[in-house]
Amino acid sequence: MMETEAKIYVAGHRGMVGSAIVRELQRQGYTNIITRTHKELNLCRQREVEEFFESERPEYVFLAAAKVGGIEANRSALADFLYENMTLEMNVVHSAWQNGCRKLEFLGSSCIYPRLAPQPMKESCLLTGELEKTNEAYALAKISGLKYCEFLNRQYGTDFISVMPTNLYGPNDNYHPTHSHVLPALIRRFHEAKVSRSPFVTCWGDGSALREFLYVDDLANLCVFLMNNYNGNETVNAGTGKELSIRELAGKVAKIVGYEGEIRWDTTKPNGTPRKLLDVSKAASLGWTYRTELDEGIRLAYEDFLRNPMRAER
């Protein structure tokens, strides 16, 4: 168990996941949380990372920093996604090990699993098939990160764990028009259509792809729970165990935003992986389950979007 006064470093604290972890740690009474902005510490620069860990020597690390984006961002910047994510995660994990970090938690993504993996996807299906091409670079980087944690455990006896979240959404999300994930992209698109009174909104694909969504504050609760209650080389899936089609999701978002126009589908655009449902039985067996249902989570996310309109320009 982490002591409430233990020195805890949250990498990526300004992002959606990192900021949620900081909120959860503070909610649970942790008082010695270390953060650094990208300007203060560039995690892709090895010397800066080494000097930070040598100076601060955090006892616990949540590695939530990453270069992230939706289908278009991943397709258009394959090399950037692979290089930046592999570089920053290797720098942080390696320096944490070298400087005596008691425990590290690595945050990955469900895209690490094969494109056509048996559903729902168990943790054991990792590396059993071909990855989805539209986010292959990101997936390869995340696989490398979790495997490095596993190999350090096996070779040096470290206590480094990993958690693989499903699609996330919530406060501090990215609403960029081309670089965001599907749910925040829909929130922005329907909101702008409502404001402009557009008669229709066009969405990518045919709407048939099935997706699972987890509210980010629920993930943060699991992250702290796992840091205190899990040790093991195999990753732990983070999700709800529930899925819906993108077409159904679009309908929910439109209703919550208050858009009443037509929803059209551009079938010349890719759907992405046909289905990505996580098997969450391991987290359940450890005593954890999610709290926020999708309709409530979308409402909370939309309220956050309205409070922070400049976030849409990131």
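For the pair Lys194 and Tyr259, the cation-pi test (distance below 6.0 Å, angle within 45°) is failed. For the pair Arg188 and Tyr175, the cation-pi criterion (under 6.0 Å, within 45° of the ring axis) is not fulfilled.
Using modelled atom types, one finds no donor on one side chain facing an acceptor on the other under 3.5 Å when comparing Glu150 with Asn233. One side chain, His191 or Tyr302, offers a donor N or O that lies under 3.5 Å from an acceptor on the other. With hydrogens and angles left out, the side-chain atoms of Thr202 and Asp266 include no donor and acceptor closer than 3.5 Å.
The pair Arg115-Glu130 fails the salt-bridge criterion, with no side-chain N (NZ, NE, NH1 or NH2) lying under 4.0 Å from an Asp/Glu carboxylate O. The pair Lys276-Glu132 does not meet the salt-bridge criterion, since no charged nitrogen lies less than 4.0 angstrom from a carboxylate oxygen. Salt bridge Glu48/Arg36: absent, no basic N to carboxylate O contact under 4.0 Å. Taking a cutoff of 4.0 Å between a charged side-chain nitrogen and a carboxylate oxygen, Asp295 and Lys252 qualify as a salt bridge.
In this structure, the side chain of Asn153 engages the main chain of Phe160 through a donor-acceptor pair within 3.5 Å.
Between Lys242 and Tyr290, some side-chain heavy-atom pair lies under the 4.5 Å cut-off. The shortest side-chain heavy-atom distance between Leu127 and Lys147 falls under the 4.5 Å cut-off.
Scanning all heavy atoms of the two residues, the minimum distance from Val163 to Ala238 falls at CG2-CB, 3.8 Å. Nearest heavy atoms, Asp206 versus Trp265: C-CE3, 3.9 Å. When all heavy atoms of Val61 and Pro58 are compared, the pair lying nearest together is CG2-CG, 4.0 Å. The nearest pair of heavy atoms linking Pro171 to Val216 is CD-CG1, 3.9 Å. Of all heavy-atom pairs between Leu278 and Tyr113, the closest is CD2-CE1, 3.6 Å. Scanning both residues, Gly18 and Val10, for their nearest heavy atoms gives O-CG1, 3.7 Å.
Under the 30°/60° scheme for interplanar angles, the aromatic rings of Phe81 and Tyr138 are found to stand perpendicular.
Aromatic rings from Tyr9 and Phe52 are positioned such that their centres are separated by under 6.0 Å.
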